[in-house]
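None of the values given here were measured: they were computed from a predicted structure. Scope of the values below: all heavy atoms of this structure, side chains included, with no hydrogens, waters or symmetry mates. Each chain gets a letter, A, B and so on, in the order its sequence line appears, and its residues count up from 1.
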Amino acid sequence: MKQETNQEYLLEIKDLTTAFLFDGKPVPVTVNVSYGIKKGEILGIVGESGSGKSVTVKSVLRLLPSPPSSILNGEIYFHGQNLLTLKEKEMQKIRGNKISMIFQEPMTSLNPVYTCGNQITETIMLHQHLSKEEALKKAARMLDLVGIPAPESRLKSYPHQLSGGMRQRVMIAMALSCEPELLIADEPTTALDPTIQAQIITLIKELRDSIGLSVMYITHDLAVVAEICDRVVVMYAGMVMEIAEIRDLFHAPLHPYTQGLMQAMPRINQQSEMLYNIPGMVPHATQMPTGCRFQPRCPYATEVCSQACPELVDAGDGHMVRCFHYEKLRKERVQNG
Amino acid sequence: MDDLIQVSGLKKYYPITSGVLKRVTGHYKAVDDVSFSIGYGQTFGLVGESGCGKTTVGKSILRLIEPTDGQILLEGKDLRAMNSAQLRSARKDMQIIFQDPYSSLNPRMTVMELISEPMKLHNLASGSELQDRVCNLLETVGLSRIEMKKYPHEFSGGQRQRIMIARALSVQPKIIVCDEPVSALDVSIQAQILNLMKELQQNLGIAYLFIAHGMPVVKHISHQVGVMYLGKLVEVADSESIFSNCLHPYTQALMSAVPIPDPDVKRKTMIIKGEVPNLAEKQEGCLFAGRCSRCTARCREEAPILREVESGHQVACHCV
């Protein structure tokens, strides 16, 4: 990628290959992952379990323990600075301060023996060097921002006294308390009811609009992606398969995997007897097929697919796709209207 | 034809005790006066937010949880009146599948042992016949007979759920209670399991009580859908009308929260405001009244009962 494109991105991941030890040998679980996120953008990272979406973002924050993990190759630029070359001390200044992360399970990511106020102020005092009193005031403001009623009294609550949706809000408040530029949300609503999910999605969108937050939103739910994201990265078996603007992805997916995911989804506004299903399952990192990694499950696969792995190419207007047959998919769509 | 399962007035109250003497000071009404029926080979979807009592209903029907009151008829026979021997033989007709395929299979048992266990318990087969049946079951759920000697940890989530289904099918049940069977699975695997369940229903005529919070999944698989709110059924209708023409304000709010997989559709989410009432306290009027936009004086005083407003469409709301 050229130097100009770097300017566009707040965070850019380049050729990231992360490996884990299997039987003492490092086996790559993500291969040459490259994508970037622009300022004020909500970028969706989509894929099934084992596709490497969480590994990639955890590599960004250097949260993976080493061993068993190791980064074999790649660079991660944040404001032109390669995060992978930073010392742990410097990394701590970025983590939770410039880049924050929220996790899937608000039940397990909050410490049950401390009050919410304690946990939020810890972050604020650490990074912003405020006094306890100022930090508490700020924590209350943050809880108010994420829509928690009576924030002062909630600061004294313990996590078990709050509902799942409230806990996730506390997590978001904590993540936003140091005014990060980038929020990484790893399946933030997967464990929540649809009504609460809708509230969290609305909240994240509002924060983007009001404070210009950039968000990397990891999920396997394409319906949520359609609601919230501007651009989407589709990953499969540790590789980026497709990157597209949200409308392009939903109206004209060019990778057979993306197309399969769309068709496998039951829809509330459609009745069908049987769902399309992608045969087989995601291969294990130690048993990757030759050539294209999706080839054994792909209805479009031909001989060439098992011989070589396709490159991620620009199919026009920045729509990136890793498939030998994307032109065929495009033609089929035109023919079928 | 009569219904396979008829539930009427099902109640499950948990006592709330206080003090050293554990005096009962009140009751938490987890399930309160729930009635519905499921026909042969039909799927009844039960939806609602977490904590609304849908799992309690599922388990109460199998008497895995002992209900406080109510009647459960399986082919006309009252399950609550049965003694343990009768119940054991009735259990052959009713099986259950759980959400988490990781924790619901014994890690020390092979697939052969897991699937044959129910048949052994009910003395349905032994020896080589047992083995043949396990092979057939594995093939029915899309696994191969080579997998028989493997342990659960060697399988993925989707495969484990297939093993659970094979195990449930082994006693040839008439109904399977499915408690969030696909919620923990990936989209493509979810589609595989849903298709398998539909196929089995078509071929074997099994009925399902399908408990889930994912609306599109429920719509896809159910013939009838019941919506629960705080232990009560607030709306029951066939799948098509509940998704296109729901009448209860709570159902409407619930439906509006379901994300639509189309970036061009801008939906309006109705945010439910107001406090959820404390079920441990005595409640008067409609439980949804405090959060309902159409609440009237009557709603606060008199609890609405589930009544039929259109053919096959029941709603518990004064305003409909």
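In this structure, chain A has heavy atoms under 4.5 Å from both the backbone and the side chain of B:Ile260. Proximity to chain B (any heavy atom under 4.5 Å) is shown, for A:Glu48, by both the backbone and the side chain. For a residue to count as touching a neighbouring chain, one of its non-hydrogen atoms must lie under 4.5 Å from one of that chain's; by this rule A:His251 touches chain B with the side chain only. For B:Glu240, the part lying near chain A is the side chain, with the backbone staying farther off; criterion is any non-hydrogen pair under 4.5 Å.
By the 30° and 60° cut-offs, the orientation of the rings of A:His160 relative to A:Tyr158 is parallel. Using the six-membered ring where Trp is involved, B:Phe288 and B:Tyr250 have ring planes that are perpendicular, over 60° apart on the 30 and 60° scheme.
Looking only at heavy-atom pairs under 4.5 Å with chain B, the residue among A:Gly47, A:Gly50, A:Gly260, A:Gly280 that has the most is A:Gly280. By number of non-hydrogen pairs under 4.5 angstrom with chain B, the leading residue of A:Gln263, A:Met265, A:Met281 is A:Met281. Contacts with chain A were tallied for B:Gln159, B:Glu199, B:Met215; B:Gln159 has the most, counting heavy-atom pairs under 4.5 Å. Between chain A and the residues B:Gln192, B:His213, B:Met255, the most heavy-atom pairs under 4.5 angstrom are made by B:Gln192. Across B:Ala191, B:Ala253, B:Pro259, B:Gly142, the residue that shares the most heavy-atom pairs under 4.5 angstrom with chain A is B:Pro259.
Side-chain atoms of A:Glu187 and A:His220 include a donor-acceptor pair closer than 3.5 Å.
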(request) Give the C-alpha distance, both sets of side-chain angles, the deciding distance and a yes or no for ring-ring contact (aromatic ring centres under 6.0 Å, His included) between A:His284 and A:Phe22. (result) CA-CA 11 Å; A:His284 192 261; A:Phe22 287 100; 5.2 Å; yes
(message) Pair B:Arg294, B:Gln252 - check side-chain hydrogen bond (donor to acceptor under 3.5 Å, both in side chains), show working.
(response) CA-CA 12 Å; B:Arg294 289 196 261 159; B:Gln252 288 169 351; 3.3 Å; yes
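The number of heavy-atom neighbours closer than 6.0 Å to CG of A:Asp317, taken from other residues, nucleotides and ligands shown, is 12 or below.
For the side-chain hydrogen bond (donor to acceptor under 3.5 Å, both in side chains) criterion with B:Tyr229, the lone passing option out of B:Arg291, B:Glu235, B:His248 is B:Arg291.
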